[in-house]
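Below is one structure, written out as structure tokens; comments come after it.
Every chain is numbered from 1 and lettered A, B, ... according to where its sequence line falls, protein lines coming before strand lines.
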Amino acid sequence: SAAEAKLRIAWQTGDVQTILQYADGAGLFREAGLDYSLHAFPAGPAILPALAAREVDIGWFGEFPTITGYANGIPLAVFLIDQSFSEHVRLVASPESGIKTLADLKGKKIGVTFGSTSHHHILVALAQGGLKAEEVTLVNLAPAQIPAAYTAKQIDAAFTWEPNIAKLEEQGGVRIATTASLNNSTYGVWAGRTEYLAANKDEVQKFLAVWDKAVDRLGAAPDEVLQYEAKRLEKSPAEIRALVARQKIVRPSYKEQLTDAYLGTPGKPQDGAFVKHAAEIGAFLLSLERIKALPASWAGLVDQQPLIDYLKAHP
Amino acid sequence: MAPAPLLEAVDVSFTYGASTVLDRVSFTLGSSEVVSLLGPSGCGKTTLLNLIAGFRQPSSGRLLFDGAPITAPGPERAVVFQSGALFDWLTARQNIEFSLSCRGVAKAERRDVSEHVLELVGLKGAGGLYPYEMSGGMRQRVGVGRVIAARPRIMLMDEPFAAVDVQTREALQEELLRIHAATRCTIVFVTHSIEEAVFLSNRVFVLAKRGGTFDAAFDVALPAPRWDGLNRLDPEFLRLRERIYLTMKAGSPAATTGARAHALT
Amino acid sequence: MAPAPLLEAVDVSFTYGASTVLDRVSFTLGSSEVVSLLGPSGCGKTTLLNLIAGFRQPSSGRLLFDGAPITAPGPERAVVFQSGALFDWLTARQNIEFSLSCRGVAKAERRDVSEHVLELVGLKGAGGLYPYEMSGGMRQRVGVGRVIAARPRIMLMDEPFAAVDVQTREALQEELLRIHAATRCTIVFVTHSIEEAVFLSNRVFVLAKRGGTFDAAFDVALPAPRWDGLNRLDPEFLRLRERIYLTMKAGSPAATTGARAHALT
Amino acid sequence: MPSPRSHLALVLASPLMLLLAWDGATRFSLVEQILLPAPATIGAALWDVLTRGYAGVSVFVHIGTSLWRVLTAFLLAAFVGVSLGLLRGLYPRIDAVCLVPFELIRPIPPLAFIPLFILWFGIGEVSKVLIIFYYAMLVVMLNTQAGVASCPEDKIRAARSLGASPWQVFWRVVFPASLPHVVVGLRVALAAALSILVASELLGGDRGLGFVISDASTFFKTADVFVGIVLIGLIGLIADRALTFTARRIVHWEGKT
Amino acid sequence: MPSPRSHLALVLASPLMLLLAWDGATRFSLVEQILLPAPATIGAALWDVLTRGYAGVSVFVHIGTSLWRVLTAFLLAAFVGVSLGLLRGLYPRIDAVCLVPFELIRPIPPLAFIPLFILWFGIGEVSKVLIIFYYAMLVVMLNTQAGVASCPEDKIRAARSLGASPWQVFWRVVFPASLPHVVVGLRVALAAALSILVASELLGGDRGLGFVISDASTFFKTADVFVGIVLIGLIGLIADRALTFTARRIVHWEGKT
Ligand SMILES: Nc1ncnc2c1ncn2[C@@H]1O[C@H](COP(=O)(O)OP(=O)(O)OP(=O)(O)O)[C@@H](O)[C@H]1O
Ligand SMILES: Nc1ncnc2c1ncn2[C@@H]1O[C@H](COP(=O)(O)OP(=O)(O)OP(=O)(O)O)[C@@H](O)[C@H]1O
Ligand SMILES: [Mg+2]
Ligand SMILES: [Mg+2]
């Protein structure tokens, strides 16, 4: 329509979005003179067609959909790592199942979401427990259905992420493994249409500035920041704080992001941990036949330019 | 010998909303009587049959069959509908066999009966046709055949021969009298043909145009069996026909009381 | 003066699958003629009307209206259906006004016409009833009124008075003749009443039972206007009635050729 | 026929009995609350949602948004579905042309269209209304076409020989004759329109009862899922009763001929 | 009436024309491939899925699994729906009792029931079949009930006065008289059953065409989404034609009275 905003931001209602809710709710974007609009989606995969159809410009994702979208031909690039989770994704087992270690998973029914990071996690976990995939029963369930299936005693354990995994723990589920304990990694990232990122540098820079400021504020006055998301999720600030704490979130600074620990040093994204992680996930997806062929290069999944520009302007 | 009373109507009235269709109609019907109803279009003949059939309840008054009030339709009172009301999904033969198959009569026997009835109503060879493949008069005859096959104690026939040609009509009338002689069932016959009424009935009721009362009743004292004995040009027959014609033309409401008081037994 | 030919049937045949309903029927109909069709039930009268109306096409032969083949129904050929075919969602009045409102006639004028027609068919005061609130005979009269109001060039009437009482029937017959005298429209009239056929028509066609051919045709040479001049007991009238009755009873197939050769003009 | 009074009593008694049975079952711990929250729990959640909104938005905004989508789609579907259905019923050629495309689309799950509709029609109202529209329209069309087939041929013939133009035959005869079928089509379509509200509101956005249900189930808030269910159910019940009530007045002749 | 031959030609021509238009549009870059893959792309994807399966499982397993679920649910729905519909149509008391509960459930989105069905009936076949069943059953029931209402009163009266028991009136008169409506109900329900296959297969599992579609859309494999759509569409088309063909032979009298 005629009145379309210059920056159309997609976000996920099914995930915890503390910074975004604060930046929007407290008017940070507006103060920065950003002409923006927010577009809610139930989950990451739903944002992909919207990006492809140029209905939105940037979006918040777990790294999985960005990898599948990129591999399946959507011209998108990750330009900012919002967070790296170490305990966001967890394997929780019911006490009655008798599962205490990864090796105990043998012969059990485990709920995972096929082709998602949790599927990747469980395969890593099985390998570490010395098990083959055939030795357990993996039950494909959407994250939202996992608490119900667990409650109805349809599964012995489940590997999934917040907020659903917490429902299992609330019911007495026992934590068996996490991203960190498996030495795996998983991220929340901002990705945008490559075409947009190249043509609308101003908007992207304003966005990065606001984001930087909001993340700072979270450290300084957590309750002030968290109140917005608490309201949306209808939880008390304390509950939200507890949730955020369970996720064990690491938010790398913009400077840190342009190192090999994250998006790679300028001009060398292929050496960054993120691209390496993407390549590994890509191989995994290929083995599952969720992507037909690997892209020529995974480096194209990352666009370092916005951060390079930002750091140049804000040394 | 007077036939035993089978149907008794005492001050039967029927109204649709505000309009009175039948107004305190009373009569008695002996078993194995043949009674015809004559009357102007819209005077309530079909409505009266509906009440006797048990499709509707009188708004007031009593209507007794065999001494008990009529509350629902039943196989002892079968109806030939003015509208046909054939089962569109059944062939002529299946329509005729309907009552038999409801009673669980064996297939071979059913077949015998329907074969016979089809011949009787002049539809030999048309047993396999569906209602929509038949002409108006053929449909009507299936409706008649359906009731004949059911062998009810009382047949309620609503203008059953209205859509058939003179020859077929006369043949059907004679068949009906033969069936009546054989089964001694009671027949209430609605028609617009005075000749038909006189030919078939031992009593003829004439309904009045408005108010739905009985205008007059006539005893028919012609020799039986009529189907071969009586010439339709018999002077007594012609005289009665003329009398009824004139009564109806006059539409004299004065006759009403007489009719109500009238009782054959 | 011989009326100009309006309808021409040349060797018209019609079959349903394997069964031949009409077999090489030929006749010519002058404009403003009244012709009656008589014939046993199921002989093909309704089928013939359907062909003239344009509802179906002949399997072979030519059927011309005003010199042109009949390919579709049209307002110049209106039909009174044996089955009624009233519009259930319209009142008696609205049914009668249907053709007028299709032509876009103004409401007030429509109302005048329907008021007049309702009275004509004896349904004054019943204009507001829906078909399911009417008796069988009332419905039939609405069907007649609907066609009268349409003022077609040819009226195709399929047993239009079969379900009404003698008085109403005679009145309707006389009204029909009056309308005919006023409009000079052509009428093809199907009936099972020989008396009615003779009373109304200037020619009577008799169809044969099987094979769907014309059995015989009779010219009716009675004085006009018949609606008040002619006594239904006129000896000429009675003699013709009797002749037709006997012809039909005999069902002589020998007469066929004669009928086919017959032409009034 | 029961009297109107005893009829109403039965109508009201049956849901009450179910409610009591449900309440009893939860009260005497025949089922766990987590499997089936007690009516009181759902009532409390309903009250909470009614007074405080859901996800920071007033419930009336959710209801209004959804109603707007459903009504727009339904009205469009009714109009297009009836028109197409009549045309298909009357003209075999039009029917032949429509047959394969529509019959191919009819069984396709609306959920399958979600990514495609986002691609084609975006994430705004157009997509959301369209996905309800196509589904409801196909139902109305099918029923209307069946209605045409049920129209006695003699009535069409009568109309034509009384001088009705094809257009007049269409609207004055075939349409009223097929109304009994059309009404069923509309009733099925109305409920169907509501029943794909959740799918429709998966097309992006954070407004509407469909969003409430899917969001609540994402966060495993079973009581709130029930709140959404109850609200949609009630809206559907009321709408259906209104439709049926109106239809009965219009199609008064049904079954009486 | 076009001849059967030209009818068939039209039936086949219309999807072919659409296919050509679609192909042309992609060939001349009127739409981007990412929005609408060319027919050839989808054809290749279809071939790939047919020969190599989807997600490591033969496509015939996916099809068979889905068909089994849909057919079981549909047959159950047909039987229960017709029986209940006839009962509701004939007995006002039964209708009154059923009214509110069923009308409350009818508009509820099947997606809303997913968490509840998992809680109540687990993640096995029972859940998946039940969710299709309830939805399809309600459609059949509604149409059947409307069919009863359309049955001319005189026919029921005729049957009763010819000695038919209530049961015989039920099955020999009311049922055949309502068949035209029942058939529409079955057609709508059959497509509806297929159309909630995706929702049904969200109830856990990695088999079935519904799973293929939701999985492909999760991974933005648009061509594979189309493959799922085309397969369900074809199944629906064939099933509907078979149903209609049979029904026309059974309900031969329709519209002719
Ligand atoms: N759809 C059809 N399929 C097969 N045969 C049919 C069909 N319609 C009519 N017929 C046959 O055509 C013949 C003529 O029927 P038609 O209705 O023309 O008779 P009719 O002369 O009008 O009889 P009636 O006086 O009883 O109305 C009948 O024998 C009938 O069985
Ligand atoms: N459902 C109805 N609602 C209102 N009035 C009705 C209804 N059914 C019939 N009537 C009226 O009842 C009266 C009697 O109808 P009925 O069918 O008994 O007449 P009839 O004597 O059989 O006439 P016919 O000889 O024309 O068949 C008519 O005036 C009619 O208008
Ligand atoms: Mg009557
Ligand atoms: Mg006829």
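- The residue among D/V198, D/L194, D/L142, D/I232 with the most heavy atom pairs within less than 4.5 Å of chain E is D/L142.
- With chain D as the partner, the residue from E/G236, E/S195, E/S14, E/G233 showing the most heavy-atom pairs under 4.5 Å is E/S195.
- Among the candidates D/L234, D/L8, D/I105, D/L116, the residue making the largest number of heavy-atom pairs closer than 4.5 Å to chain E is D/L116.
- Checked for salt-bridge contact, D/E201 and D/R69 meet the test: a charged N lies under 4.0 Å from a carboxylate O.
- Neither the backbone nor the side chain of D/L190 comes within contact range of chain E; no heavy atoms are under 4.5 Å apart.
- In this structure, no portion of E/I235 lies under 4.5 Å from any heavy atom of chain D.
- Interface residues of residues 209-218 of chain D toward chain E, defined by a heavy-atom distance below 4.5 Å and sorted by number: D/I213, D/S217.
- Other residues, nucleotides and ligands place more than 12 heavy atoms under 6.0 Å from the CZ atom of D/R241.
- For E/S150, the parts sitting under 4.5 Å from any heavy atom of chain D are the backbone and the side chain alike.
- Contact record, E/E103 with D/L237: CB-CD1, 3.4 Å, taken as the closest heavy-atom pair.
- The heavy-atom pair separating D/V148 from D/G85 by the smallest distance is CG2-O, 4.1 Å.
- Interface remark: E/N143 contributes backbone and side-chain atoms alike to the contact with chain D (heavy atom separation under 4.5 Å).
- Only the side chain of D/L202 comes within contact range of chain E, with heavy atoms under 4.5 Å apart.
- Legend: residues meeting side chain to side chain donor-acceptor pair (under 3.5 Å) with D/S200, ordered by chain and number and at least two apart, are absent.
- Looking at residues two or more places apart in sequence or on another chain, you find a side-chain contact (heavy atoms from CB on, under 4.5 Å) between D/V183 and D/R187, D/A247, D/V251.
- Using a 4.5 Å cut-off between non-hydrogen atoms, the part of residues 223-231 of chain E that approaches chain D consists of E/V225, E/F226, E/I229.
- Of the two parts of E/L18, only the side chain, counted from C-beta on, holds a non-hydrogen atom closer than 4.5 Å to a non-hydrogen atom of chain D.
- In this structure, chain E has a heavy atom under 4.5 Å from the side chain of D/P115, while its backbone stays farther away.
- With a threshold of 4.5 angstrom between heavy atoms, D/Y135 approaches chain E through side-chain atoms but not through N, CA, C or O.
- Taking chain E as the reference chain and counting heavy-atom pairs below 4.5 Å, the highest number among D/A146, D/P101, D/A149, D/A239 is found for D/A149.
- Contact of E/A192 with chain D is made through backbone and side chain together, with heavy-atom distances under 4.5 Å.
- Between D/F121 and D/F117, the ring-plane angle classifies as perpendicular under the 30° and 60° cut-offs.
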